[in-house]
Amino acid sequence: QVQLEESGGGLVQAGGSLRLSCAASGRTFSTYFMAWFRQVLGKERDFVAVISGGGGKTYYADSVKDRFTISRDNAKNTVYLQMDSLKPADTAAYFCAAAQFRGWPPQSYDYWGQGTQVTVSS
């Protein structure tokens, strides 16, 4: 069982930066794929980025590539999402998720946080 809690959301102007954090419970954090998703109210949840258990492999959605960076600190049981050059289109609730066996497809994720809101003003 893994429990996830996101933090770091907020209001930022276009072009600004935010760093989201996701703290996980459990002693086997390093064995899980960790990912970030986002969702606009009334729309489907979209994949943003994923990182392998050891942190050596990452993959990004085209919409955030070269602007967002996913990373993890297994000693702190925490995954991060550094978001730079933010756009109003990035406005959404951001969720972290954990998957034990594979990082794709999105249906692989068994554990989800409650989400943190990111709002980017123009």
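A quick note: this is a predicted structure, and the numbers were derived from the prediction, not measured. For this chain, numbers begin at 1 and follow the sequence in order.
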Visitor: Check whether any side-chain heavy atom of F29 lies under 4.5 Å from a side-chain heavy atom of K76, and answer yes or no.
Guide: no

Visitor: Is Y32 linked to I51 within one hydrophobic cluster, defined over Ile, Leu, Val, Met, Phe, Trp and Tyr using a side-chain heavy-atom separation of less than 4.5 Å?
Guide: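 As far as the 4.5 Å side-chain criterion goes, I51 and Y32 are connected within one cluster.
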
Visitor: Determine, using the 4.5 Å side-chain heavy-atom cutoff (strictly less than), whether M83 and V50 are members of one ILVMFWY cluster.
Guide: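 No, M83 and V50 fall in different hydrophobic clusters.
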
Visitor: Would a distance-only check, ignoring hydrogens and angles, find a side-chain to backbone donor-acceptor pair under 3.5 Å from S30 to T28?
Guide: no

Visitor: Does any N or O in the side chain of N74 come within less than 3.5 Å of the main-chain N or O of G53, such that one atom is a donor and the other an acceptor?
Guide: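 Checking the backbone N and O of G53 against the side chain of N74, a donor-acceptor pair under 3.5 Å is found.
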
Visitor: Do Y60 and T69 have side chains that approach each other closer than 4.5 Å (heavy atoms only, starting at C-beta)?
Guide: yes

Visitor: Flag the pair F37 / D46 as yes when at least one side-chain heavy-atom distance between them is below 4.5 Å, and no otherwise.
Guide: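 A side-chain contact is absent here, since even the closest heavy-atom pair is not under 4.5 Å.
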
Visitor: With sequence neighbours left out, what residues match S52 under side chain to side chain contact (heavy atoms under 4.5 Å, CB included)?
Guide: F33, K57

Visitor: If Ile, Leu, Val, Met, Phe, Trp and Tyr residues are connected whenever their side-chain heavy atoms lie under 4.5 Å apart, and connections chain through other members, are M34 and V48 in the same group?
Guide: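 Same cluster.
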
Visitor: Between D90 and R38, is a side chain to side chain contact (heavy atoms under 4.5 Å, CB included) present by the stated rule, with each step listed?
Guide: CA-CA 9 Å; D90 296 316; R38 65 187 182 185; 2.9 Å; yes

Visitor: Walk me through it: do Y80 and I70 pass the test side chain to side chain contact (heavy atoms under 4.5 Å, CB included)?
Guide: CA-CA 6 Å; Y80 304 97; I70 189 170; over 6 Å; no

Visitor: Test ring pair (Phe, Tyr, Trp, His ring centres under 6.0 Å) on W36 and F47 and set out the steps.
Guide: CA-CA 7 Å; W36 289 93; F47 166 78; over 10 Å; no

Visitor: Is the NZ or CZ atom of R45 both under 6.0 Å from the centre of the six-membered ring of F95 and within 45° of that ring's axis?
Guide: yes

Visitor: Determine yes or no for a side-chain-to-main-chain donor-acceptor pair under 3.5 angstrom, with R67 supplying the side chain and Q82 the backbone.
Guide: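 Not at all, since once roles are kept as given, no pair shorter than 3.5 Å links the two residues.
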
Visitor: For the OG1 atom of T58 and the NZ atom of K65, what is their distance to the nearest 0.5 Å?
Guide: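 Separation between the atoms: 10.0 Å.
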
Visitor: Should L81 and Y94 be marked as a side chain to side chain contact (heavy atoms under 4.5 Å, CB included) after you check the CA-CA gap, both sets of side-chain angles, and the distance that decides it?
Guide: CA-CA 10 Å; L81 185 68; Y94 283 72; 4.1 Å; yes

Visitor: For residues 110-122, which side-chain N or O atoms pair as donor and acceptor with protein atoms under 3.5 Å away, sequence neighbours left out?
Guide:
from	atom 1	to	atom 2	distance (Å)
W112	NE1	Y109	O	3.4
T116	OG1	G9	N	3.2
Q117	NE2	A92	O	3.4

Visitor: Compile the donor-acceptor pairs under 3.5 Å between side chains in residues 13-25 and protein atoms, sequence neighbours left out, one pair per line.
Guide:
from	atom 1	to	atom 2	distance (Å)
S17	OG	D84	OD1	2.8
S25	OG	Q3	N	2.9

